[in-house]
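First comes the structure, then the notes that go with it.
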Amino acid sequence: MDDFAAVLWDLDGTLIDSEPLWMAREHELAEAHGTTWTQEDGLALVGNSLIESGHYIKRRLGSDLTPEEIVEFLVVRLADALHREIPWRPGARELVTALDTLGMPQALVTMSYGPIARPVAHALPFAAVVTGDHVEHGKPHPEPYLRAAELLGVDAADCLAIEDSGTGATSANAAGCKVLVVPHFVNVPDAPRRVQLASLERLRPDGLRDLF
């Protein structure tokens, strides 16, 4: 694993299968407004910053709530669900553990807010955590990945990012990272310094090196 100085992990859809949890809370909010929420609406938010999602939901539902209030509604309910049970994506937790055994620095880089990231960060050996409520520019801007690399004391160009969305992959590539994309709910276009796999299941650390 000498090829990488650190591995930087996305959260939603990459480490955990949280999109169904998000969509369930979005449905709940839509029902409270007397309207419906579609699969297409939910997918339109994948990879976005939460405040951008809040603006989208406000427009879509015609809500009197502010985008910030919408985000708070979703964050509180999702964090509560994750404290009860974390729905891990296949192979993700095992790969984090295997990399840690080798001494590989790892960070969590997510546009979800701290209360959502916290249960996962407590369960896994991350040396740094960057959340959407502590960056000025969210993905696809490179700031989240540049911040994570800085916290780990490494160059982002020497890091591998693991993502599931085009928004996240664009952010990581823009920061200079190589990116392993494991698509989940949305297709992600190919790009330079980007490799795609169907799953992390049974992937070992030396397999990451071999991909690039």
Side-chain angles (χ1 to χ4, degrees), residues 8-82 86-89 92 108-121 129-145 148 161-175 179 181-189 191 194 196:
L8 314 177
W9 288 85
D10 173 55
L11 176 64
D12 295 295
T14 302
L15 269 171
I16 64 173
D17 191 9
S18 56
E19 299 305 342
L21 298 177
W22 282 111
M23 291 183 190
R25 274 70 201 173
E26 291 153 7
H27 277 288
E28 180 183 344
L29 188 59
E31 288 174 2
H33 285 76
T35 188
T36 59
W37 185 259
T38 69
Q39 181 83 354
E40 290 72 25
D41 287 322
L43 293 178
L45 305 183
V46 174
N48 289 353
S49 71
L50 287 189
I51 198 63
E52 288 174 349
S53 296
H55 281 285
Y56 178 97
I57 293 169
K58 178 177 174 64
R59 291 193 303 270
R60 172 66 177 76
L61 302 184
S63 178
D64 292 333
L65 297 174
T66 66
E68 291 78 10
E69 288 170 333
I70 289 170
V71 168
E72 183 178 5
F73 175 95
L74 297 172
V75 166
V76 167
R77 284 157 179 79
L78 194 74
D80 182 63
L82 291 176
I86 299 175
W88 300 104
R89 292 283 291 139
L108 183 62
V109 187
T110 177
M111 290 301 88
S112 284
Y113 287 4
I116 294 171
R118 200 165 294 125
V120 176
V129 177
V130 175
T131 57
D133 47 343
H134 288 99
V135 294
E136 182 176 353
H137 304 289
K139 301 175 186 179
H141 195 278
E143 181 187 343
Y145 280 101
I162 304 180
E163 275 280 357
D164 75 308
S165 73
T167 302
T170 297
S171 171
N173 277 149
V179 182
V181 177
V182 187
H184 189 21
F185 279 98
V186 295
N187 293 324
V188 179
R194 189 181 296 179
Q196 300 207 25

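It should be emphasised that the depicted structure is a prediction, and the values quoted were computed from it without experimental measurement.
Heavy-atom minimum distance, G42 versus M23: C-CE, 3.9 Å. Closest of all the heavy-atom pairs between K58 and S63 is NZ-O, 2.8 Å. The two residues G168 and Y145 have their closest heavy-atom pair at O-CE1, 3.9 Å. Residues A175 and P142 approach most closely at N-CB, 3.6 Å, considering heavy atoms. Taking every heavy atom of both residues into account, A92 and T14 meet most closely at CB-O, 3.8 Å. Of all heavy-atom pairs spanning A79 and P115, the tightest one is CB-O, 3.4 Å.
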Point to revise | CA sep, side-chain torsions, deciding dist, call: V186, E19, side-chain contact (heavy atoms from CB on, under 4.5 Å) | key: CA-CA 11 Å; V186 295; E19 299 305 342; over 6 Å; no
**Study point:** Intermediate values then yes/no, side-chain hydrogen bond (donor to acceptor under 3.5 Å, both in side chains), N173 and T170
**Key:** CA-CA 5 Å; N173 277 149; T170 297; over 6 Å; no
Check your understanding: Do T110 and D12 pass the side-chain contact (heavy atoms from CB on, under 4.5 Å) test, and can you show the C-alpha distance, the side-chain angles, and the key distance before you say yes or no?
Key -> CA-CA 7 Å; T110 177; D12 295 295; 3.8 Å; yes
**Study point:** Residue pair I16, L82: steps toward the side-chain contact (heavy atoms from CB on, under 4.5 Å) verdict
**Key:** CA-CA 10 Å; I16 64 173; L82 291 176; 4.0 Å; yes
Exercise for review: Could you please spell out the steps behind the side-chain contact (heavy atoms from CB on, under 4.5 Å) verdict for R194 and V188?
Suggested key: CA-CA 10 Å; R194 189 181 296 179; V188 179; 3.8 Å; yes
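Using a 4.5 Å heavy-atom threshold, the side chains of D41 and Y56 count as touching. The closest side-chain heavy-atom distance from W88 to V120 is below 4.5 Å. V46 is not listed as a side-chain neighbour of H184, based on a closest heavy-atom distance of 4.5 Å or more. Looking at V135 and H141, their side chains never come closer than 4.5 Å, going by heavy atoms from C-beta outward. Looking at H134 and V129, their side chains never come closer than 4.5 Å, going by heavy atoms from C-beta outward. Counting heavy atoms from C-beta on, the side chains of K139 and E163 come closer than 4.5 Å. A heavy-atom distance below 4.5 Å is found between the side chains of I116 and W22. Between T38 and R60, some side-chain heavy-atom pair lies under the 4.5 Å cut-off.
Between the CD1 atom of I162 and the CG atom of L8 there is a distance of 9.0 Å, given to the nearest 0.5 Å. Distance CD1/I57 to NE2/H33: 10.0 Å, rounded to 0.5 Å. With rounding to the nearest 0.5 angstrom, the CD atom of E26 is 5.0 Å from the CG atom of L45.
The closest donor-acceptor contact from the side chain of Q196 to the backbone of P183 lies at 3.5 Å or more, if one exists at all. Between the side chain of T66 and the backbone N or O of E69, at least one donor-acceptor pair lies under 3.5 Å. Without hydrogens or angle criteria, H55 side chain to P67 main chain gives no donor-acceptor distance under 3.5 Å.
A side chain to side chain contact (heavy atoms under 4.5 Å, CB included) with Y113 is found for one member of I51, T131, L74 and no other, namely I51. Exactly one residue among T36, I70, T35 makes a side chain to side chain contact (heavy atoms under 4.5 Å, CB included) with L61. That residue is T35.
Partners of E72 according to the side chain to side chain contact (heavy atoms under 4.5 Å, CB included) rule, which considers only residues two or more places apart in sequence or in another chain, are V76.
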